Amino acid sequence: MYTSQSHEYDVVIMGAGFAGICQARHLMLNIPNIKVALIDPRPEERTDKDLKVGESLVEVSSLFVTKELGLYEYMIENHTPKFGLNFHWPKDPARTETIDDYLSIWDNRQPSITTFHMNRSKFERDVLQMNKEMGAVFYNGRVLDVDLTPGDAIKTVKSKVNGEVIEIKAKHVIDAAGRRFIIGNKTNNLIFNQVGGGEGSDNLYGVNNGSAWLRVRNMDRSLFHDGYDPTSATASHWYATNHWFGHGHWLWMIPTSTDPLELSIGVIHHHEVIPSEQINTREKFLAFLKANHTHLYKLITSGEQIDFHYLPRVAHSSKMVFSPDNWYVLGDAAYIFDAFYSYGATMISFAAESITEIIRAKLAGEANAEQKRFAFNEFNLTMARSANGVMRYHAKQLGNASVMSWRIYFEYMWWFGIILPLFIGKRHLDITFVPQFTQAFSANIDGVLADVHKQFNQLDRGTNLGILDCYRADQLIGEYYTSKRFDDYLENAKYEPGRTNIFASIKSAYYYVAIWYTMFQWKGFGLAGLLAPRSLYNIFRLLALSSYTAIGELIYRFQTRNLPANSQVEKMRQEFKNYQYQAQLQPWTPEIDSPCTDQQSSEQAVPRLPELSVLS
Ligand SMILES: Cc1cc2nc3c(=O)[nH]c(=O)nc-3n(C[C@H](O)[C@H](O)[C@H](O)COP(=O)(O)OP(=O)(O)OC[C@H]3O[C@@H](n4cnc5c(N)ncnc54)[C@H](O)[C@@H]3O)c2cc1C
């Protein structure tokens, strides 16, 4: 049946998974009276069958969900906490019976920004309900087609809802329907790995991976760790995202519920080392664990298994994410490369904020709206490329504890020093900052980051760089650790756009990356490596970027010299100028209007003298 009944909105979001519901809420929180519709075929009451991966948040995605979407209390009350990332490599791949058979890097203290694990089906169900309460219209149906008209012309989303075909119209259309690729397929916008893929492939930096995972409940947690480790950490080992490594693969272990105790355990495997047909069923996955991570096998089989999934192809990307024709691809509909570092929700956070700002500027008819669209499109594609780039050569390097510990330390430096401050400072929405940043960062991805990843492949098999612990401050110089300087500007609550001195953090990050890089060349390749022209070029370039950012910092300081760090704090300080303590209480007993009904409450209602007024 076809109905011509018309439904018109400012924005239609196709897909109400994590990306779609977060985008809807962000739009409604930031653009007053915006009319938003969501379409998704899955029922609103999502069951265990909807258990999805994407359960681990990191600093950016956690801040997006808690601070930007206003869901702090909701997250604390409904999902499990997360205390950083732990990393484990077998000392001997033939012996993996207990945690003691692994070399481990443990997060040793509480992270300065709270992060969470989430039960995705619960999150999506709850936030969809909140969106409806805020005014979003939800169509429980399936998008059949979308008419991508040019420019500002109204777009039509043809959908099947309750057996009827309806037309939903809007100026802006967001594809958040995951791997359905509604817009991607229609516009030939997708990038997949070349046939055969693997190392040497130009697309997706050769990342060619698949994934198998399952959930297990009520397992014997002590098979992982007994929880007693008073001399090593102030943070829980269990409520971290634990990572287990081996040749051509890594595994995650994420606690997604406390009652019942529930775990998500899965593997990302690289096809050139572990082909699909060796791991694509529950039985094969368990057999793989029994042989390669015996203690995880024991942990799983001590509990009740809930589900099993296999995804043969994880990585893909897009040529464009925000079109001049008012269509947008978001979340899995746009790109995903690997689950390592939980980049999925992070990239959604950057993109969702960008989309809101483009739509806000376009609906308001602002002159630079298209300029923003162009710059934010480039920026988000660059962020995606960097997320893709940090997975380069994983197939060869994941199992090597020394190499990976150095890689993780190195990649943490960029994360805490550059990407996280950028997000907190909202510089990704700053139209003067974004183009410069995109250009410099893009050069880093193909420059020093690519060089380092490649050089790890070139190390002699016998070279042992030792282990670098990304949480400790006794390995580089000056008591530096990877998250040391990143939040200096947060002490004074400088969260307002334009007030955050992220230049200090970036300057320091480039400087310490130069030190790390020098140490890496020396330890890995000796004097010849250090003095190689390419190494000298990278060291001088990093130091030049640090100096350049220092100039940016001076300009920033000059421009903000008369601005308070935070306008709310400033307002309160002003109010304090006229503040005088008044030691008094307002009379209240005559106000009592409900008569007491029982003995206890009549005792409580006996009027008492306000003691403070007596003291004064
Ligand atoms: C193995 C693995 C592990 C991961 N782990 C993490 C992690 O720990 N942390 C992290 O941040 N990221 C992680 N990710 C990435 C994360 O899963 C994705 O970023 C995230 O799930 C993307 O959400 P989404 O809303 O775009 O897609 P989805 O969650 O797939 O939502 C798409 C929605 O579109 C709907 N839909 C489908 N077809 C239609 C249609 N025709 N019309 C309308 N609606 C439709 C679907 O019903 C669904 O609700 C992981 C990814 C993988 C593969």
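Whatever order the structure lists them in is the order used to number ligands and atoms, beginning at 1. These figures come from a predicted structure and were not determined experimentally.
If you check which protein heavy atom lies closest to atom 15 (C) of ligand 1, you get I336 CD1, 3.5 Å. Among all protein heavy atoms, the one lying closest to atom 1 (C) of ligand 1 is S211 OG, 3.2 Å. When only non-hydrogen protein atoms are considered, atom 52 (C) of ligand 1 lies nearest to V53 CG2, 3.8 Å. Among protein heavy atoms, atom 28 (P) of ligand 1 sits closest to K52 NZ, 3.4 Å. Of all protein heavy atoms, the one closest to atom 41 (N) of ligand 1 is V143 O, 3.3 Å. Of all protein heavy atoms, the one closest to atom 48 (C) of ligand 1 is D40 OD2, 3.3 Å. In terms of protein heavy-atom proximity, atom 13 (C) of ligand 1 is closest to G54 CA, 3.3 Å. For atom 26 (O) of ligand 1, the closest heavy atom belonging to the protein is D332 N, 2.9 Å.
Of all the heavy atoms of A176, the ones lying under 4.0 Å from any atom of ligand 1 belong exclusively to the backbone. By the criterion of a heavy-atom distance under 4.0 Å, the side chain of L311, and not its backbone, is placed next to ligand 1.
Between F423 and H428, the two ring planes are parallel [angle under 30°; tilted spans 30° to 60°]. Using the six-membered ring where Trp is involved, F288 and F285 have ring planes that are parallel, under 30° apart on the 30 and 60° scheme. Taking the six-membered ring where tryptophan is involved, the planes of W252 and W213 are tilted, since the angle between them lies from 30° to 60°.
Proximity to E55 (heavy-atom distance under 4.0 Å) selects the following atoms of ligand 1: 7 (C), 8 (O). Close contacts between ligand 1 and A345 involve ligand atoms 10 (C), 11 (O), 12 (N) [criterion: under 4.0 Å to a heavy atom]. Annotation for ligand 1: atoms under 4.0 Å from non-hydrogen atoms of F18 are 25 (O). Near W252, meaning under 4.0 Å from any of its heavy atoms, are these atoms of ligand 1: 1 (C). Those atoms of ligand 1 that come under 4.0 Å of a heavy atom in G331, given as number and element, are 26 (O). Below 4.0 Å from some heavy atom of S56 lie the following atoms of ligand 1, by number and element: 7 (C), 8 (O), 9 (N), 10 (C), 11 (O). The ligand atoms of ligand 1 that sit less than 4.0 angstrom from a heavy atom of A339 are 2 (C), 3 (C), 4 (C), 5 (N), 50 (C).
Residue G20 has no N or O atom closer than 3.5 Å to an N or O atom of ligand 1. Of the polar atoms of R42, at least one N or O is found under 3.5 Å from an N or O of ligand 1, judged by distance alone.
K35 and E8 are not joined by a salt bridge, as no carboxylate oxygen comes within less than 4.0 angstrom of a charged side-chain nitrogen. Checked for salt-bridge contact, K186 and D145 meet the test: a charged N lies under 4.0 Å from a carboxylate O. Salt bridge annotation for R120-E55: absent, with no cationic side-chain nitrogen under 4.0 angstrom from a carboxylate oxygen.
When ring centroids are compared, W244 and H295 come within the 6.0 Å threshold. For H243 and F340, the gap between ring centers is short of 6.0 Å. You'll find the ring centres of Y74 and H79 inside the 6.0 Å limit. Ring centers of H453 and Y205: at least 6.0 Å apart, outside the cut-off. Checked against a 6.0 Å centroid threshold, the rings of W106 and H88 count as neighbours.
Heavy atoms of R120 approach ligand 1 to within less than 4.0 angstrom. Ligand 1 lies out of reach of G266, whose nearest heavy atom is not under 4.0 Å from it. Distances from ligand 1 to the non-hydrogen atoms of P41 include at least one value under 4.0 Å.
Counted within 6.0 Å of NZ on K290, heavy atoms from surrounding residues, nucleotides or ligands total 12 or fewer; the atom is thus considered open.
Contact of the F192 side chain with the N203 side chain is not registered, since no non-hydrogen atoms from C-beta on lie closer than 4.5 Å.
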